[in-house]
Visitor: 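Can you read through this structure? Questions will come right after.
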Amino acid sequence: MSESVKVRFAPSPTGFLHIGGVRTALFNWLFARHHGGQFVLRIEDTDHERSTEESITEILESMRWLGLDWDEGPYRQTERQELYSTKVDQLFKEGKAYRCYCTPEELDQKRNEAQKKGLKPKYDGTCRERSDQPEGAPSVIRFKAPLEGSVVVEDMLRGKVVFDIAELDDLILQRTDGSPTYNFVVVVDDADMGITHVVRGDDHLSNTPRQCLLYDALNFPRPRFAHISMILGQDKARLSKRHGATSALAYRDMGYLPAAMINYLARLGWSHGDQEIFSREEMVKHFSFDSVHTSAAVFDPDKLSWLNEHYIKTTPPEELARHLEPFLISSGILQEGHGLDDAEIARVIPSLNQRAKTLIEMAEKSAFYFKKEVEFDEKAKAKFLTVEAKPLLEKVIAGLSELENFSAEEIEALFQKVVEEEGVKLGKLAQPVRVALTGTTVSPGIYDVILLLGKEETLNRLKKALP
RNA sequence: GGCCCCAUCGUCUAGCGGUUAGGACGCUGGCCUCUCACGCCGGAAACAGGAGUUCGACUCUCCUUGGGGCUACCA
């Protein structure tokens, strides 16, 4: 690992951070951490129209939730205007850029005409050699790109990708209002920040030859590139809002664990043999672009859900309790300032973590532990809290009252005894008790429920539920 | 339209010239069982098509087809 590594994630704040963006960030992060390099966060807010502060806040919140920590930044391009101006001037003075007075309308028209004739809809170079400077006419600054030859992009994933320069045109570096454009600032920033490896979505692959030309013109060394594939929806179209939840925070709010999201996204396009479950450390240790592949991947909510279940099962209860607590509050099961600490919430987790797909589900299923009053499902009550069940319940009440240790073993022994004496199946006893204690026919194992509720609370609820 | 990228079960993938084409999600049959789950055992399910190269192609080359991206004073 002699080669130094500095990478960046550069989202534009024109909306929430979506899953595709997260994976790009993740691959950058993994690559940096694997090589002991630097990970820079840069906000590409050159589009004044569409950039918002809320988006920036949400992006940062998403990154923190996912544990994708950055070493530098967040930089904001709006704060670096001076640098861009300097570089535009430099190119201009060196004759590598020129003013273009064509109006957007004229350009539109030219494009349409070219397309009609079946020609490339690229800029025709009208102002390229123009020497006059129309007084007061608005202008942009264009890059004077080479006219022929080819650009070879060395991509870590795809090898050499060759582009014919004739396909490219003179891109705009600076708009009429003086603001710089994306393809230009990316190059200036990546070079200025010393980015060694540009890892981004393959929707940028076609932009790369233009950027390479810019690197050359500015006398910057080109970085190495890795264009990772896109994430698609079930219909194989690029993932977008209409595919349902696509923002990172939406998954947090639906009760997904960051570990599940990270693990899922890591395995989309990257693999390490047959391994499916990776801790952060394992991912960092094994991550390499050698084992990233290049075809687009379809987002599969089912597999994400499976991983979420896995992490709910395996996260230590006290740690999971910290994630669960906000959901206990948002679902109204606990009040703000409830006074319970993580350990107290964690008590109930071992009985629930095998039966919840999300934290929301887990919170809902834990309601009967935390709520003072049992909320009865009327159908369950009518079916199980019957006069036939009454003697059984009474025996359990009497038996539990006399238990000395109130252990799982003792409780189970008591149930066995009652069942034998009454000559019924365990279900005949367990279900009425379950309904009495939880209000429903579905719950964790009945001995766990009794144990967790405690002797006093259990007896209270049983007595109260007696038909 | 032009240019570029991509192509193994429905999905995520392993495979890197010789395999009964493996794993995972999902689906499905069964077992376990106090409910619901978990778990365990089993099953169905793929090399897009066509030419080459080769003793031999999922694997290498080309074409076709299909999907995606770029082609903005968006990023």
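Worth knowing before you read on, the calculation uses all heavy atoms, side chains too, and leaves out hydrogens, waters and symmetry mates. In what follows, chains carry the letters A, B, and so on, assigned in the order in which the sequence lines appear, proteins first and then strands, with residues in each chain numbered from 1. Keep in mind that what you see is a predicted model, and the values were worked out from it rather than measured.
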Visitor: Under a 3.5 Å limit for both distances, which nucleotide forms a Watson-Crick or G-U wobble pair with rU53(B), could you say?
Guide: none
Visitor: When you compare the side chains of Asp202(A) and Ser229(A), does any donor N or O come within less than 3.5 Å of an acceptor on the partner?
Guide: no
Visitor: Tell me if the side-chain of Asp108(A) makes a donor-acceptor pair with the base of rA72(B), cut-off 3.5 Å, by modelled atom types.
Guide: no
Visitor: Does any donor-acceptor pair link the side chain of Glu276(A) with the base of rG23(B) at a separation under 3.5 Å?
Guide: yes
Visitor: Please work out whether the ring planes of Tyr447(A) and Phe415(A) are parallel, tilted or perpendicular, with thresholds of 30° and 60°.
Guide: perpendicular
Visitor: Taking only the C1' atom of each, what is the distance from rA44(B) to rA37(B) in whole angstrom?
Guide: 25 Å
Visitor: What's Tyr264(A) touching, base or sugar-phosphate or nothing? Going by heavy atoms closer than 4.0 Å.
Guide: nothing
Visitor: Which whole number of Å gives the distance between the C1' atom of rC16(B) and that of rG50(B)?
Guide: 24 Å
Visitor: Under 4.0 Å, counting only non-hydrogen atoms across every strand here, what does Lys313(A) touch: a base, just sugar-phosphate, or nothing?
Guide: sugar-phosphate
Visitor: Examine Phe92(A) together with Tyr98(A) and report whether their ring centres are nearer than 6.0 Å.
Guide: no
Visitor: Kindly point out which of rC73(B), rU13(B), rC38(B) is positioned nearest to the side chain of Gln354(A)?
Guide: rC38(B)
Visitor: Scan Ser12(A) against the nucleic acid and name what it touches under 4.0 Å (heavy atoms): base, sugar-phosphate only, or nothing.
Guide: sugar-phosphate
Visitor: Could you go through Phe287(A) and Phe289(A), starting from their C-alpha distance and side-chain angles, then the distance that decides it, and tell me whether this counts as ring pair (Phe, Tyr, Trp, His ring centres under 6.0 Å)?
Guide: CA-CA 7 Å; Phe287(A) 186 81; Phe289(A) 281 111; 5.3 Å; yes
Visitor: If I pick the P atom on rU64(B) and the same atom on rC4(B), what distance separates them, to the nearest angstrom?
Guide: 13 Å
Visitor: Does Arg142(A) make a side-chain N or O approach to OP1 or OP2 of rA72(B) shorter than 4.0 Å?
Guide: no
Visitor: Counting the atoms with a prime plus P, OP1 and OP2 as sugar-phosphate, which does Asn207(A) contact under 4.0 Å by heavy atoms, base, sugar-phosphate, or nothing?
Guide: base
Visitor: Hey, what's the ring geometry for Trp306(A) with His310(A), parallel, tilted or perpendicular (30° and 60° as the breaks)?
Guide: tilted
Visitor: State the pairing partner of rG29(B); accept Watson-Crick or G-U wobble contacts with both distances under 3.5 Å, and report none otherwise.
Guide: rC41(B)
Visitor: State whether Tyr123(A) and Arg142(A) meet the cation-pi test: NZ (Lys) or CZ (Arg) under 6.0 Å from the six-membered ring centroid, and within 45° of the perpendicular axis.
Guide: yes
Visitor: In whole Å, what separates the P atom of rA48(B) from that of rU8(B)?
Guide: 6 Å
Visitor: Kindly assign one of parallel, tilted or perpendicular to the pair His272(A) and Phe278(A), based on the angle between their ring planes and the thresholds 30° and 60°.
Guide: perpendicular
Visitor: Which residue lies toward the 5' end of RNA chain B, Ser295(A) or Arg355(A), if each is placed at its nearest nucleotide?
Guide: Ser295(A)
Visitor: Between rG23(B) and rC41(B), how far apart are the two P atoms, rounded to whole Å?
Guide: 12 Å
Visitor: Please classify the nucleic acid contact of Ser271(A) as base, sugar-phosphate, or nothing, using heavy-atom distances under 4.0 Å.
Guide: sugar-phosphate
Visitor: Tell me which nucleotide, if any, is Watson-Crick or G-U wobble paired with rA48(B) when both distances must be under 3.5 Å.
Guide: rU64(B)
Visitor: Taking any strand in view, what nucleotide pairs with rA21(B) in a Watson-Crick or G-U wobble way, both distances under 3.5 Å?
Guide: none
Visitor: Could you please name the partner base of rC3(B), counting Watson-Crick and G-U wobble pairs only when both distances are under 3.5 Å?
Guide: rG69(B)
Visitor: Tell me whether the side-chain N/O atoms of Thr181(A) come closer than 4.0 Å to OP1 or OP2 in rC73(B).
Guide: no
Visitor: Select base, sugar-phosphate, or nothing to describe what Leu268(A) touches, counting heavy atoms under 4.0 Å on all strands.
Guide: sugar-phosphate
Visitor: Between rC73(B) atom P and Arg50(A) atom CZ, what is the distance in whole Å?
Guide: 14 Å
Visitor: Using a heavy-atom cut-off of under 4.0 Å over every strand shown, decide if Gly269(A) touches base, sugar-phosphate, or nothing.
Guide: sugar-phosphate
Visitor: Establish whether the base of rC34(B) is bridged to the side chain of Arg434(A) by a donor-acceptor pair shorter than 3.5 Å.
Guide: yes
Visitor: Between Arg23(A) and Trp306(A), which has a closest nucleotide on RNA chain B that is more 5'?
Guide: Arg23(A)
Visitor: Can you tell me if Asn263(A) and Tyr311(A) form a side-chain donor-acceptor pair at under 3.5 Å?
Guide: yes
Visitor: Classify the side chain of Thr176(A) and the base of rC73(B) as holding, or not holding, a donor-acceptor pair under 3.5 Å.
Guide: yes
Visitor: OP1, OP2 of rU13(B) versus side-chain N and O of Arg267(A): anything below 4.0 Å?
Guide: no
Visitor: In whole Å, what separates the C1' atom of rC58(B) from that of rG15(B)?
Guide: 8 Å
Visitor: Determine the contact category for Val186(A): base if any of its heavy atoms lies under 4.0 Å from a base atom, sugar-phosphate if only primed atoms, P, OP1 or OP2 are that close, otherwise nothing.
Guide: nothing
Visitor: Is it the case that the base of rG22(B) and the side chain of Asp274(A) share a donor-acceptor contact (distance under 3.5 Å, atom types as modelled)?
Guide: yes
Visitor: Reckon Pro444(A) touches a base, only the sugar-phosphate, or nothing at all at heavy-atom distances under 4.0 Å?
Guide: base
Visitor: Counting the atoms with a prime plus P, OP1 and OP2 as sugar-phosphate, which does Arg238(A) contact under 4.0 Å by heavy atoms, base, sugar-phosphate, or nothing?
Guide: sugar-phosphate
Visitor: Considering only atom C1', compute the distance from rG69(B) to rC73(B) and round it to an integer number of Å.
Guide: 22 Å
Visitor: Would you tell me if any nitrogen or oxygen in the side chain of His204(A) comes within less than 4.0 Å of OP1 or OP2 on rC5(B)?
Guide: no
Visitor: Reckon Arg210(A) touches a base, only the sugar-phosphate, or nothing at all at heavy-atom distances under 4.0 Å?
Guide: sugar-phosphate
Visitor: Considering only side-chain heavy atoms of Glu309(A), which listed nucleotide, rC38(B), rU11(B), rC70(B), is closest?
Guide: rC38(B)
Visitor: Determine the interatomic distance between P on rC60(B) and the same-named atom on rA14(B); round to the nearest Å.
Guide: 13 Å
Visitor: Would you mind classifying the nucleic acid contact of Val161(A) as base, sugar-phosphate or nothing, using non-hydrogen atoms under 4.0 angstrom?
Guide: sugar-phosphate
Visitor: Remember a base hit wins even if backbone is also touched, and classify Thr46(A) as base, sugar-phosphate or nothing at under 4.0 Å, heavy atoms.
Guide: sugar-phosphate
Visitor: Over all strands shown, is Thr441(A) touching base, sugar-phosphate only, or nothing at heavy-atom distances under 4.0 angstrom?
Guide: base
Visitor: Going by purine N1 to pyrimidine N3 plus the second Watson-Crick contact, or the G-U wobble pair, all under 3.5 Å, which nucleotide sits opposite rC16(B)?
Guide: none
